[in-house]
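What follows is a short report on a single structure.
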Amino acid sequence: MRLAALALCSALLACATAPAAPPAPSGYDAALAQRVGADERGMRQYVLVILKTGPATNLSDEERTRLFNGHMANINRLADEGRLVVAGPLGANERQYRGIFIFTVSTIEEAAALVATDPAVEAGVFAYEAYPWYGSAALMEIPALHERLRP
């Protein structure tokens, strides 16, 4: 009985003196974490924007082409500035969601200011919804990886 009590006390003492946080994994890269804005979980705040069909549905083909070209140029500009980490179209769906943006900003207001620079949004081709989103800071590496995949 005394041996069991001694073992229990030893185990409790070991638990009480154990470090509060587990050691960092061996692959942890502090410089990378700092560069991509990672918090202690390897995560960061973004804003997710869902583009949906807007009220401007009766545009000419020429106007749509002009606005779409401006939309793509704006996407590239925002990505080059490091403000847009992911963008892309969605497949057909009953909600008329058309695409997404994931912005590297912390507030809906900041994202709204960026979305307002899109000529297709300004013209009413797209409307949007925006939500705070907490995700992996590794997404910040996507633009550089993407450049390596484009011919």
Side-chain angles (χ1 to χ4, degrees), residues 11-12 14-151:
L12 289 174
C15 289
T17 60
S26 62
Y28 178 72
D29 185 333
L32 174 62
Q34 184 175 8
R35 187 177 81 239
V36 298
D39 65 12
E40 67 280 358
R41 293 178 184 86
M43 308 281 277
R44 66 171 287 151
Q45 187 65 48
Y46 300 94
V47 173
L48 168 68
V49 171
I50 301 173
L51 296 175
K52 51 190 185 175
T53 300
T57 57
N58 59 349
L59 300 171
S60 70
D61 289 344
E62 292 171 355
E63 185 67 5
R64 275 195 185 283
T65 298
R66 185 184 70 74
L67 291 170
F68 183 75
N69 289 340
H71 170 71
M72 294 306 297
N74 195 59
I75 286 172
N76 290 327
R77 179 185 62 80
L78 291 170
D80 290 345
E81 291 174 0
R83 295 174 174 205
L84 180 65
V85 68
V86 172
L90 295 173
N93 61 81
E94 67 282 351
R95 293 184 180 212
Q96 296 192 6
Y97 288 167
R98 304 282 300 278
I100 67 164
F101 294 145
I102 298 178
F103 287 114
T104 61
V105 298
S106 301
T107 68
I108 300 286
E109 295 77 18
E110 291 171 293
L114 297 174
V115 172
T117 66
D118 188 317
V121 172
E122 183 180 29
V125 172
F126 298 127
Y128 70 94
E129 298 173 8
Y131 304 96
W133 184 64
Y134 183 65
S136 174
L139 283 180
M140 298 298 292
E141 293 294 293
I142 296 296
L145 289 171
H146 180 71
E147 286 303 315
R148 294 173 51 196
L149 299 173
R150 289 189 342 186

Q | For Pro119 against Asn74, the heavy-atom pair lying closest together | A | CD-CB, 4.2 Å
Q: Taking the side chain as every heavy atom from C-beta outward, state whether Phe126 and Val115 have any pair of such atoms under 4.5 Å apart.
A: no
Q: Can you measure from CG (Leu32) to CE (Met140) and round to the nearest 0.5 angstrom?
A: 10.5 Å
(Q) With rounding to the nearest 0.5 angstrom, report the CG to CD distance, Leu90 to Gln96. (A) 12.5 Å
**Q.** Asp29 side chain near Arg35 side chain, heavy-atom distance below 4.5 Å
**A.** no
Q.
If the threshold is 4.0 Å, N to carboxylate O, is there a salt bridge linking Arg66 and Glu62?
A. no
Q) Between CG of Leu59 and OG1 of Thr65, what distance do you get to the nearest 0.5 Å? A) 10.5 Å
Q: Might you point out which heavy atoms bring Gln45 and Tyr134 nearest each other, and give the distance in Å?
A: NE2-N, 4.1 Å
Q: Starting at CD1 of Ile142, measure out to CD1 of Ile102 and round the result to the nearest 0.5 Å.
A: 9.5 Å
Q) Which atoms form the tightest heavy-atom contact between Ala123 and Ala56, and what is the distance? A) O-CB, 3.3 Å
Q) Is the count of non-hydrogen atoms from other residues, nucleotides or ligands lying under 6.0 Å from Asp61 atom CG greater than 12? A) no
Q: Give the minimum heavy-atom separation between Thr104 and Arg44, together with the two atoms involved.
A: O-NH2, 3.5 Å
Q.
Can a donor-acceptor pair be found, under 3.5 Å and without considering hydrogens, that links the side chain of Tyr46 to the backbone of Leu84?
A. no
Q. Does the Asp118 side chain pair with the main chain of Leu114, one donor and one acceptor, at a distance under 3.5 Å?
A. no
Q.
Can you give me the closest heavy-atom contact between Val125 and Arg98, atom names plus distance?
A. O-NH1, 4.3 Å
**Q.** Enclosure of Gln34 CD (heavy-atom neighbours >12, cutoff 6.0 Å)
**A.** no
**Q.** Side chain proximity check, Glu129 to Lys52, heavy atoms < 4.5 angstrom
**A.** yes
Q. Measuring from Met43:CE to Trp133:CH2, what's the distance to the nearest 0.5 Å?
A. 7.0 Å
Q.
Assess, by modelled atom type and distance only, whether the side chains of Glu110 and Thr107 contain a donor and an acceptor separated by less than 3.5 Å.
A. yes
Q. Going from CD1 on Ile75 to OG1 on Thr117, what distance comes out if it is rounded to the nearest 0.5 angstrom?
A. 10.0 Å
Q | Where Val47 and Ala111 come nearest, the two heavy atoms and their spacing | A | CG1-CB, 3.5 Å
